[in-house]
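Please read all numbers here as calculations on a predicted model, not as lab measurements.
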Amino acid sequence: MIKGHGDDIYAYPHISANFSSNVFGGLSHEGLKEYLMEKMDCIRNYPEPEAFSLEQELADRYQTDVEGICVTSGATEAIYLIAQAYRESRSAILMPTFSEYADACRLHAHEIVPFYTLDNLPSGVRMVWLCNPNNPTGEIREVMHLRKLVKDHPQCLFIIDQSYEAFTEQEVLEVTESLESSNLLLIHSLTKRFAVPGLRIGYITGNPLLIRHLRTFRMPWSVNALAVEAGRYLLRNAHRFPLHLHQLLEERERVATSLVEMGGLEVWPSDTHFMLVRIRNGRAAALKAFLVEQYGLLIRDASNFEGLDDSYFRVAVHTPEENDRLIEGIRTWIYSY
């Protein structure tokens, strides 16, 4: 899946608005850039073998035990690290979802059992992987249901990726819950919250015994010095990066309504700022090519998510002006198809 993700803007030189990534582009990074320029000399030395200082910042933020936090080079390193630490397990993955869970499990010789509803958890599995809010659908799983699953299946290790937890008004599991549980790991992302995907900053929270096990498999210096500095700055200055979440979700609802009213499109219900859309008569790849060539807009062809076909695409909303251009472009394509 190295070439199969969204945000493939590097392949298109004239993109004016990028809807293919779930990173919200409406934040200013001027203060962060100035700070990193002041810290640039840090690249002359090796970073911390493990990102101890950033882990301590996170522990202070959550007022919890630093031994229950492991900083990684993005959420993706967290996924692969967990799969490696529990190599050759039998893993159930709630589909459709982010492809890297299955890719990481295949790399580390897991037996993969796909399933499609939390009401039917497969039997005999060692690990259960799910994304909440889910990528690509944007839906949230009811938190009381998740708590019951974790409690009722102590033989299973639940890995719940909460990378988009900052982008929903629905309740998600708390960091403290993961530290107190013997069979739960949560994955988090500063990349998503602060719109810095190029820096790769994620972290895992869980019971210190589980985190200690993960640490034995991680390579040294996986989180670079600038990412550590950036993470510390972002946590200390979170107030400078307001999301205005309610307005963002209202804008997503406006865009979803406009797409449905065109006819020819089905939009999955979403609890966050991105949504999955199905074209009733046409291919997502064709729509993507049209929007790139005619409007300079980039969407995510979602056909390579397991369980989806070539009629699905995903978009994350941005400014109203950019969203209006997207709606216009899709409408033009739908009516001329």
Does any part of the side chain of Tyr80, heavy atoms only, come nearer than 4.5 Å to the side chain of Glu100, both counted from C-beta? yes

Going through the distances and angles, do Cys105 and Met127 end up as a side chain to side chain contact (heavy atoms under 4.5 Å, CB included)? CA-CA 10 Å; Cys105 287; Met127 306 179 75; over 6 Å; no

Does some side-chain heavy atom of Phe115 sit less than 4.5 Å from a side-chain heavy atom of Val125? no

Could you work out, with side chain to side chain contact (heavy atoms under 4.5 Å, CB included) as the rule, every residue matching Thr117, not counting sequence neighbours? Asp119, Asn120

Heavy atoms, side chains only, cut-off 4.5 Å: are Leu243 and Arg193 in contact? yes

Spacing of CG belonging to Leu259 relative to CG belonging to Leu326, to within rounding of 0.5 Å: 6.5 Å

Parallel, tilted or perpendicular: which describes the rings of Trp268 and Tyr312, with under 30° parallel and over 60° perpendicular? perpendicular

Taking atom CG of Leu297 and atom CZ of Phe290, what is their separation to the nearest 0.5 Å? 10.0 Å

Going through the distances and angles, do His153 and Gln155 end up as a side chain to side chain contact (heavy atoms under 4.5 Å, CB included)? CA-CA 5 Å; His153 298 83; Gln155 77 283 4; 3.8 Å; yes

Return yes if some donor-acceptor pair links the side-chain N/O of Thr272 with the main-chain N/O of Phe167 below 3.5 Å, else return no. yes

Treating Arg126 as the side-chain partner and Tyr86 as the backbone partner, does any N or O pair qualify as donor plus acceptor under 3.5 Å? no

So, are Lys33 and Glu30 salt-bridged, with charged N and O less than 4.0 Å apart? yes

Start with the C-alpha gap between Glu306 and Ile93, add the side-chain angles, then the distance that decides, and say whether side chain to side chain contact (heavy atoms under 4.5 Å, CB included) holds. CA-CA 11 Å; Glu306 186 167 343; Ile93 303 176; over 6 Å; no

Let me check something: do Leu276 and Ile140 share a hydrophobic cluster, defined by ILVMFWY side-chain heavy atoms less than 4.5 Å apart, either directly or through other members? no

Just checking, any donor-acceptor pair under 3.5 angstrom between side chains of Asn22 and Arg300? no

Short N-O contact, Arg331 and Asp324, less than 4.0 angstrom: no

Taking only residues two or more places apart in sequence, or in another chain, which ones meet Lys151 in a salt bridge (Lys or Arg N to Asp or Glu O under 4.0 Å)? none

What's the spacing between Phe52 CZ and Ile69 CD1 if we round to 0.5 Å? 13.5 Å

Can you name the residues that form a side chain to side chain contact (heavy atoms under 4.5 Å, CB included) with Ile43, not counting sequence neighbours? Met40, Leu226

Sorted by chain and number, sequence neighbours left out, salt bridge (Lys or Arg N to Asp or Glu O under 4.0 Å) with Arg215 holds for Glu50, Glu55

Check: Glu165 main-chain N/O paired with Thr168 side-chain donor or acceptor under 3.5 Å: no

Are the side chains of Leu184 and Leu173 in contact, using a 4.5 Å heavy-atom criterion? yes

Within one Ile-Leu-Val-Met-Phe-Trp-Tyr cluster: Ile82 and Leu130, side-chain cutoff 4.5 Å: no

Can you find a heavy atom in the side chain of Leu235 that is under 4.5 Å from one in the side chain of Asp60? no

Atom CD of Gln63: over 12 foreign heavy atoms under 6.0 Å: no

Between Asp161 and Tyr101, does any side-chain donor sit less than 3.5 Å from a side-chain acceptor? yes

Ile159-Val113 co-clustered via ILVMFWY side chain contacts under 4.5 Å: no

Is a side-chain N or O of Asn323 found less than 3.5 angstrom from the main chain of His318, in a donor-acceptor match? yes

With a 4.0 Å cut-off, would you call Arg240 and Glu34 a salt bridge? no

Drop me the distance from Leu199's CG to Asn224's CG, to the nearest 0.5 angstrom. 7.0 Å

Atom pair OG1 (Thr97) and CG (Asn134), whose distance is rounded to the nearest 0.5 Å: 4.0 Å

Spatial distance of atom CG (Leu185) from atom CD1 (Ile160) [nearest 0.5 Å]: 9.5 Å

Okay, side chain of Ser20, backbone of Leu298: is any donor-acceptor separation there less than 3.5 Å? no

Are Met37 and Tyr35 grouped together when hydrophobic residues (ILVMFWY) are joined by side-chain heavy atoms under 4.5 angstrom apart? yes

Scan side-chain atoms only and decide if Tyr62 and Glu174 contain a donor-acceptor pair under the 3.5 Å cut-off. no

Taking only residues two or more places apart in sequence, or in another chain, which ones meet Glu177 in a salt bridge (Lys or Arg N to Asp or Glu O under 4.0 Å)? Arg147

Do the side-chain N and O atoms of Thr64 and Thr176 include a donor-acceptor pair separated by under 3.5 angstrom? no

Apply the ring-ring contact (aromatic ring centres under 6.0 Å, His included) test between Phe274 and each candidate in Phe24, Tyr164, Phe313; give the one that qualifies. Tyr164

Do the ring planes of Phe241 and His29 sit parallel (below 30°), tilted (30 to 60°) or perpendicular (above 60°)? tilted

Pairwise side-chain contact, Met275 with Val317, heavy-atom cut-off 4.5 Å (strictly under): yes

Between Asn304 and Ser99, does the side chain to side chain contact (heavy atoms under 4.5 Å, CB included) criterion hold? Intermediate values first, please. CA-CA 8 Å; Asn304 60 349; Ser99 63; over 6 Å; no

Only pairs at least two apart or in different chains count here, so list each salt bridge (Lys or Arg N to Asp or Glu O under 4.0 Å) that has a residue in residues 263-273. Glu266-Arg278, Glu266-Arg280

